[in-house]
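Step one of this worksheet: look at the structure below.
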Amino acid sequence: MNTKNKVILAIFITLIVVLFYNNVYIMNQLNKQKDINSVLLEEIENKYILQKDVICYLQKEIEVIHNFQKFKSYLDENKSKKNLLIYRYTNSICEGCIQDDLTNLEEFLPEIGKESILILPSIKETRESKIHLRNQLGKFNYWNIPLEDFKMPLDCENKVEQRFFFLLNEKREIISIFFPQQGNSHFTQEFFQHVKDYINQ
């Protein structure tokens, strides 16, 4: 092979190597950009979900505040004017969810006293349901009220009724509202601590 052919071959091999590494570099850059885009897309999705959750939570709070107005006058007539933690549920709520809440509430009972807690179920009154409520809620003050007297907020997506706690001050103003989540009792404990701090301040 003459010198000219050797030079051409060397240039050709060099060109192939350069093209190969250039393609490798471009692919790496594309993969990096793809990863960046994926992260950005995930952040956008998370922000959207967060905003959606916040809006949904606010909608449920507004429903509670609105629905409470009808019940407020009845409460004023039958309860002393003091800070009050109220738990509201109906028989459409899963029994396990209610029992988890009541267990947490029973543990919290000594912290603020029985007179500072009121449970408002809406259960169709039968002999069996009266016995059930007496057994389940015997440690608490409770009123079994008609659903129409204090309607329930609905979940934004599946439109099912949502159980909730709320704290009233002495003026019968709602201070805070909390929607418990099954399996996340630590959030409930944090809310109870807030209630305790407010009542004992």
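Nothing fancy with the numbering, it's 1 onward along the sequence.
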query = Do Phe192 and Phe178 make the cut of ring centroids closer than 6.0 angstrom?
reply = no

ask   = Hey, what do you get for CG (Leu105) to CD1 (Ile98), rounding to the nearest 0.5 Å?
value = 12.5 Å

Distance in Å, Glu63 CD paired with Lys151 NZ, rounded so as to fall on 0.5 Å steps = 10.5 Å

ask   = Judged by atom type as modelled, is there a donor-acceptor pair below 3.5 Å linking the side chain of Asn184 to the main-chain atoms of Phe187?
value = no

query = Any chain of hydrophobic side-chain contacts (each under 4.5 Å) joining Leu154 to Phe68?
reply = no

message = Let's go through Gln136 and Gln99 carefully: what are the C-alpha distance in whole Å and the side-chain angles of both, what is the deciding distance for side chain to side chain contact (heavy atoms under 4.5 Å, CB included) to 0.1 Å, and is it a yes or a no?
response = CA-CA 9 Å; Gln136 189 178 47; Gln99 193 55 55; 3.4 Å; yes

Exercise: identify the closest heavy-atom pair between Arg163 and Gln181 = NH2-C, 4.0 Å

message = Can you tell me how far apart CD1 (Ile175) and CG (Leu84) are? Round to the nearest 0.5 Å.
response = 12.0 Å

Close side-chain approach of Phe164 and Met152, heavy atoms under 4.5 Å = yes

query = How are the rings of Phe71 and Phe150 set to each other: parallel, tilted or perpendicular (split at 30° and 60°)?
reply = parallel

query = Distance-only, no hydrogens or angles: does the Asn144 side chain make a donor-acceptor pair with backbone N or O of Ile123 under 3.5 Å?
reply = yes

query = Do Trp143 and Leu75 have side-chain heavy atoms sitting under 4.5 Å apart?
reply = yes

request  = Compare every heavy atom of Glu161 with every heavy atom of Thr90, then report the nearest pair and how far apart it is.
outcome  = OG1-OE1, 2.5 Å

request  = Hey, could you give me each pair passing salt bridge (charged side-chain N to carboxylate O under 4.0 Å, His left out) that has a residue in residues 88-98? Not counting sequence neighbours.
outcome  = none

query = Would Val160 and Tyr57 show up in the same hydrophobic cluster when neighbours are defined by side-chain heavy atoms closer than 4.5 Å?
reply = no

key: More than 12 heavy atoms of other groups within 6.0 Å of His194 NE2   = yes

task = Determine whether Leu168 and Glu173 make a side-chain contact, defined as any pair of heavy atoms from C-beta on separated by less than 4.5 Å.
result = no

inquiry  = Quick check: closest heavy atoms across Gln162 and Phe179, and the distance to 0.1 Å?
reply    = CB-CD2, 4.2 Å

message = Quick check for you: to the nearest 0.5 Å, what is the distance between Leu133 atom CG and Phe140 atom CZ?
response = 12.5 Å

message = If hydrophobic clusters are built from ILVMFWY residues whose side chains come within less than 4.5 Å, do Ile62 and Val64 share one?
response = no

query = Within the distance-only criterion (no hydrogens, no angle test), does the side chain of Arg134 pair as donor or acceptor with the backbone N or O of Ser129 below 3.5 angstrom?
reply = no

Smallest separation among heavy atoms of Gln182 and Gly96, with atom names = NE2-C, 4.0 Å

query = Do NZ/NE/NH1/NH2 and the carboxylate oxygens of Lys139 and Glu106 come within less than 4.0 Å?
reply = yes

remark   = Shortest non-hydrogen pair, Leu137 vs Pro121, comes out as CD1-CG, 4.0 Å

key: Heavy-atom closest contact (Phe191 atom, Leu85 atom, distance)   = CE2-CD1, 3.8 Å

message = For Pro146, give me all partners under side-chain contact (heavy atoms from CB on, under 4.5 Å), at least two apart in sequence or on another chain.
response = Glu148, Asp149

note = Interatomic distance, OH@Tyr142 vs CD1@Ile117, rounded to 0.5 Å, equals 15.5 Å

message = Looking at Asn141 and Lys114, would you say the former's side chain and the latter's main chain have a donor-acceptor pair under 3.5 Å?
response = yes

query = Could you state the interatomic distance from CD1 (Ile199) to CG (Leu167), rounded to the nearest 0.5 Å?
reply = 5.5 Å

